[in-house]
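All remarks here apply to the structure that follows.
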Amino acid sequence: MERVDRSLLTADAPAVAPQLLNKLLVHGGCVGRIVEVEAYRQDDPASHTFRGETNRNAIMFGPAGHLYVYFTYGMHHCANVVTGDAGVGAAVLVRAVEPLDGIELMRARRSGRAALADGPAKLCQAFAIDLRHSGTDLVDGERDAVGLFDDGTPPPVRPRVGPRVGITKAVEVPWRWRTPAED
DNA sequence: GGAACGATCTGC
DNA sequence: CAGATCGTTCCC
């Protein structure tokens, strides 16, 4: 199994996002296929980077292919793939993966619940991803670090496209992509 | 120094 | 549909 190539991630976040569908997220003994993503760009009112670089969002201004994890609502973590050139604050939020391996581990981390990784905070819990992993390199990291892999499955030809979820600004921008059920 | 608010999830 | 729960950001 090969890693995702970094050159795939240096483009604009809305161009990269659908390319991440069907790629594999690997961490904590678990493997999942990415089936839902959202793009966030620096000139985007809904993005953490809209008001410029801060200590919290600095990773988003770094090189493409690194992991940006943020903590929200006092209890949840969300995982993003940094995109674009260094100096540009953009990333793709991984919203859902289809569990492929390590399902028993996911179930345990999710306290036995049926929903394992069908939400950005749920998948972080299932894959044991938290702030300690923020800033790590997804495409050239240690063996047990968070990684992005390509098993040869191409992105869906006709992904579902629609507005992003849970935001209050730029609500209409259609930068959410999902793998159709039949893919 | 303080207040408001989340790129969410869960249980009622 | 409201509560949980706390770091970040912004405004005074």
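Only a predicted model underlies this, so the values are computations on that prediction, with no experimental measurement involved. These numbers come from the heavy atoms of this one structure, side chains and all, not from hydrogens, waters or symmetry mates. A, B, ... follow the sequence lines: proteins, then strands. Residue 1 opens every chain.
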Distance check: side-chain N/O of A:His76 vs OP1/OP2 of B:dC9, anything under 4.0 Å? no
Taking the C1' atom in each of C:dA2 and B:dC5, what is the distance between them to the nearest angstrom? 16 Å
Pick the nucleotide of DNA chain B nearest each of A:Arg113 and A:Thr168; which residue has the one closer to the 5' end? A:Thr168
What nucleotide, of C:dG7, C:dT9, B:dC9, holds the atom closest to the side chain of A:Thr54? C:dT9
Students often get this wrong, so: under 4.0 angstrom with heavy atoms, is A:Arg110 touching a base, only sugar-phosphate, or nothing? sugar-phosphate
Are A:Arg109 and A:Gln125 linked by a side-chain donor-acceptor pair shorter than 3.5 Å? no
Given C:dG7, B:dC9, B:dG6, which nucleotide is nearest the side-chain atoms of A:Lys169? B:dG6
Taking B:dT10, B:dA7, C:dT9 as options, the one with an atom nearest any side-chain atom of A:Tyr40 is B:dA7
Regarding A:Arg95 and A:Asp118, does a basic nitrogen lie under 4.0 Å from an acidic carboxylate oxygen? no
Could you check whether A:Arg164 pairs with A:Asp44 (Lys NZ or Arg NE/NH1/NH2 to Asp/Glu carboxylate O, under 4.0 Å)? yes
Identify the nucleotide, in any strand shown, that forms a Watson-Crick or G-U wobble pair with B:dT10, with both distances under 3.5 Å; if there is none, say none. C:dA2
Do the rings of A:His77 and A:Phe71 sit parallel, tilted or perpendicular, given the 30° and 60° boundaries? tilted
Is A:Tyr73 stacked on the base of C:dA4, meaning ring centres closer than 5.5 Å and planes within 30 degrees of each other? no
How is A:Ala121 classified with respect to the nucleic acid when contacts are heavy atoms under 4.0 Å: base, sugar-phosphate, or nothing? sugar-phosphate
Any side-chain N or O of A:Arg51 under 4.0 Å from OP1/OP2 of C:dC10? yes
Pairing check on B:dG1: which nucleotide meets the Watson-Crick or G-U wobble criteria with it, both distances under 3.5 Å? C:dC11
